[in-house]
Amino acid sequence: AQTLGSRVSGILLAFPITASVLPLFTLALYGAQATARLLTGFVTGLVGFALYFYLFATLILPSGIAIAALVGAVASVVAVRGLTALQRKV
C-alpha cells in the first residue's frame, strides 16, 4: 500500500484471489481453450472494474456520489466495450 497507495492497492486486492482459483477449476473441467477465454475476459473485466473504482474514488468528494458512480459506470462500460472490440480484431 505504501508504494502504490491505498486506492490502487484496494483495487488490486481482488485480483490474486479470483485469478488463482478460477483458472485452475476451468482448466481441470473444460481445458486450455476455455481457460484462455476465461483469462481474456477476466483481464478485460478487471480493467473496467479498476477504472470504475478509480474514478469513483477520485470524483466522490468533488462531485458527489451520484456523479462519481455515473461517470465510473459509463467509463467502465466504454473501456470494456473498446477492449472487447480490439480483441475481436486480433
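Since the structure is predicted, the reported quantities are computational estimates derived from the model, not experimental observations.
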A.B. asks: Look up atom CG in L22 and atom CG in L27, then write down how far apart they are to the nearest 0.5 Å.
C.D. replies: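 Going from CG on L22 over to CG on L27, the span is 12.5 Å.
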A.B. asks: Search all heavy atoms of F56 against all heavy atoms of A69 and return the closest pair with its distance.
C.D. replies: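 The answer is CD1-N, 3.6 Å.
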A.B. asks: Looking at every heavy atom in both S76 and L51, which two are closest together, and how far apart are they?
C.D. replies: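 That would be N-CD2, 4.1 Å.
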A.B. asks: According to a hydrophobic-cluster definition based on side-chain heavy atoms being under 4.5 Å apart (Ile, Leu, Val, Met, Phe, Trp, Tyr only), do V43 and L86 belong together?
C.D. replies: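 No, V43 does not connect to L86 through the hydrophobic network.
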A.B. asks: With hydrophobic residues grouped by side-chain heavy-atom distances under 4.5 Å, do L70 and V78 end up in a single group?
C.D. replies: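 Yes, same cluster.
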A.B. asks: Quick one: pull up OG1 in T26 and CG in L38 and give me the separation to the nearest 0.5 Å.
C.D. replies: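 Here the rounded value is 4.5 Å.
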A.B. asks: Rounded to the nearest 0.5 Å, what's the gap from CZ on F53 to OG1 on T58? Could you check?
C.D. replies: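 Interatomic distance, F53 CZ to T58 OG1, rounded to 0.5 Å: 12.5 Å.
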A.B. asks: What do you reckon, is CD1 of I65 surrounded by more than 12 foreign heavy atoms closer than 6.0 Å?
C.D. replies: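 No.
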A.B. asks: Can you confirm whether V71 sits close enough to S63 that some side-chain heavy atom of one is under 4.5 Å from a side-chain heavy atom of the other?
C.D. replies: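 Counting from C-beta outward, V71 and S63 never come under 4.5 Å.
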A.B. asks: Classify the side-chain pair Q87/T40 by whether it contains a donor and acceptor separated by less than 3.5 Å.
C.D. replies: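 Per modelled atom types, Q87 and T40 side chains form no pair under 3.5 Å.
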A.B. asks: Roughly how far, to the nearest 0.5 Å, is CD of Q33 from OG1 of T35?
C.D. replies: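 Between atom OG1 of T35 and atom CD of Q33 there are 10.0 Å.
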A.B. asks: Could you see if L55 belongs to whatever hydrophobic cluster contains I67? Use Ile, Leu, Val, Met, Phe, Trp, Tyr and a side-chain cutoff under 4.5 Å.
C.D. replies: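 L55 and I67: one cluster.
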A.B. asks: Are L46 and V80 co-members of a hydrophobic cluster defined by side-chain heavy atoms under 4.5 Å apart?
C.D. replies: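 Looking at the clustering, L46 is in a separate group from V80.
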A.B. asks: Determine, using the 4.5 Å side-chain heavy-atom cutoff (strictly less than), whether Y52 and F49 are members of one ILVMFWY cluster.
C.D. replies: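 Yes, it is one cluster - the side chains of Y52 and F49 are joined through contacts under 4.5 Å.
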